[in-house]
Amino acid sequence: MPKENKQKNRKHPMLDPESSFVSFLTLLANLMIVNLLTLFLMIPVFTAGAAFTAMASVLMAQCEGEDSSVVKRYFHSFSHSFGDATMLYLIYLALFVLQLGLVIFSLSGAFSISAPILAVFAVIDIIFFGSGVYGFALTARYKNTVTGTFVNSMKLFFGFLPMSLSITGAFVLMGLLIWKTWPYLGPVGILFGLSLPEYLSVKEILKIFDKVSSGS
């Protein structure tokens, strides 16, 4: 009888806090929390840079196995990096708005922009977006001037170009998936649309940071 009681009281392996299943569920929950926080804090627009930086900070900690409060770390990073992250974001935003304005004026008939020029704009947008992912991760991890971070983000983008393109591609694919599957699977984007591609990106960005730090 004692033997039977032991077997009844024994936890299922999948429910063990150390099991890969529980770890996976925890990761999903954390990604969902981070995504919702980021979306909410992006609403005022000018706070988006700090929100992106806080998301990068939390997800880098997750990749490194740090067992800390996701919400607490998120808001600590958000407040700590607000100034630098906002300035960096405004640089990217100004460049993007400038290009967007030129395209809108062209479509309105004010002047014409040829297809090759539009293609160049698209390439520039990819560069700015990809370097932005590096930039906010750098802001979350290292103390530097805004100009220094911007320059370093560009260096990383071109220095690790294949990885940079795959990082940008992860966000593009997620955006296309949300767009094509809305309203069926699209709402998943509200829960994981930013945090999932960011998580996949920072896993590789951390490797790049290690390579740069070690000089290899």
Side-chain angles (χ1 to χ4, degrees), residues 20 23-24 26-28 30-31 33-35 37-38 41-42 48-68 70 73-74 76-78 80-96 122-177 192-216:
S20 56
S23 297
F24 176 70
T26 302
L27 175 61
L28 285 182
N30 290 339
L31 289 177
I33 292 168
V34 169
N35 203 81
L37 285 172
T38 303
L41 289 170
M42 282 174 60
F52 292 148
T53 300
M55 176 171 63
S57 176
V58 170
L59 296 182
M60 281 192 286
Q62 291 288 300
C63 289
E64 293 176 323
E66 289 187 24
D67 187 19
S68 58
V70 169
R73 186 182 184 95
Y74 188 98
H76 176 267
S77 177
F78 182 88
H80 183 71
S81 64
F82 186 84
D84 288 346
T86 301
M87 289 301 298
L88 185 66
Y89 169 71
L90 290 176
I91 292 173
Y92 291 119
L93 183 63
L95 294 170
F96 174 75
V123 171
I124 293 173
D125 284 335
I126 290 172
I127 294 171
F128 286 152
F129 184 87
S131 64
V133 177
Y134 285 115
F136 294 120
L138 285 166
T139 303
R141 180 54 62 100
Y142 303 107
K143 187 65 180 173
N144 199 353
T145 63
V146 174
T147 304
T149 299
F150 180 79
V151 170
N152 288 336
S153 71
M154 288 293 181
K155 287 180 179 179
L156 289 175
F157 182 88
F158 289 107
F160 298 89
L161 189 57
M163 184 55 63
S164 301
L165 294 177
S166 68
I167 286 171
T168 306
F171 284 93
V172 172
L173 287 175
M174 178 59 81
L176 287 174
L177 179 64
F192 303 104
L194 292 173
S195 60
L196 180 56
E198 177 73 6
Y199 177 76
L200 297 175
S201 298
V202 298
K203 285 176 75 74
E204 300 306 320
I205 288 174
L206 285 171
K207 295 176 186 176
I208 291 172
F209 284 175
D210 287 340
K211 285 183 181 180
V212 173
S213 298
S214 62
S216 57

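Hydrogens, waters and symmetry mates play no part in the numbers below; they use all other heavy atoms, side chains included.
Here side chain to side chain donor-acceptor pair (under 3.5 Å) pairs that include residues 159-174, with residues two or more places apart or in two chains, are Tyr134-Ser164. Counting only residues at least two apart or on different chains, the side chain to side chain donor-acceptor pair (under 3.5 Å) pairs with a member in residues 56-65 are Asn30-Gln62, Ser57-Arg73, Glu64-Arg141.
Phe192 places a side-chain heavy atom less than 4.5 Å from the side chain of Leu28. Using a 4.5 Å heavy-atom threshold, the side chains of Phe150 and Ile91 count as touching. Within the 4.5 Å cutoff, no side-chain heavy atoms of Tyr92 are placed close to those of Phe129. In this structure the side chain of Lys143 reaches within 4.5 angstrom of the side chain of Asp84, judged on heavy atoms. Side-chain contact between Val212 and Ile208 is present, with at least one heavy-atom pair separated by less than 4.5 Å. Using a 4.5 Å heavy-atom threshold, the side chains of Phe82 and Thr53 count as separate.
Every side chain to side chain donor-acceptor pair (under 3.5 Å) that Asp125 has, sequence neighbours left out, goes to Gln99. Every residue was checked against the side chain to side chain donor-acceptor pair (under 3.5 Å) condition with Asn152, not counting sequence neighbours, and none meets it. With sequence neighbours excluded, the residues forming a side chain to side chain donor-acceptor pair (under 3.5 Å) with Thr38 are Tyr74, listed by chain and number.
For Phe209 and Tyr142, the gap between ring centers is short of 6.0 Å.
Shown here for Leu138 and Ser153, the closest heavy-atom pair between the two residues is CD1-N, 3.8 Å. In plain terms, the two heavy atoms of Leu165 and Phe157 that are nearest each other are CD2-CZ, 4.4 Å. Ala137 and Met60 make their closest contact through O-CE, 3.5 Å (heavy atoms, listed as atom of the first residue, atom of the second, distance). Shortest non-hydrogen contact noted between Ser81 and Thr139 is CB-CG2, 4.1 Å.
Within the model, atoms CD1 of Ile167 and CD1 of Ile126 stand 13.5 Å from one another, a figure rounded to the nearest 0.5 Å. Taken to the nearest 0.5 Å, the CG atom of Leu194 stands 9.0 Å off from the CE atom of Met174. One distance of note links CG of Leu59 with CG of Leu206; it measures 10.0 Å at 0.5 Å rounding.
Of the listed residues (Leu196, Thr26, Val58), just one forms a side chain to side chain contact (heavy atoms under 4.5 Å, CB included) with Leu31, and that residue is Leu196.
Using the six-membered ring where Trp is involved, Phe52 and Tyr89 have ring planes that are perpendicular, over 60° apart on the 30 and 60° scheme.
Remark: side-chain polar atoms of Asn35 are paired, donor with acceptor, to backbone N or O of Ser195 under 3.5 angstrom.
Heavy-atom neighbours of Met87 CE from other residues, nucleotides or ligands within 6.0 Å: at or below the threshold of 12.
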Which pairs of donor and acceptor atoms, one on a side chain in residues 197-204, lie under 3.5 Å apart (sequence neighbours left out)?
| residue | atom | partner | partner atom | Å |
| --- | --- | --- | --- | --- |
| Ser201 | OG | Pro197 | O | 2.7 |

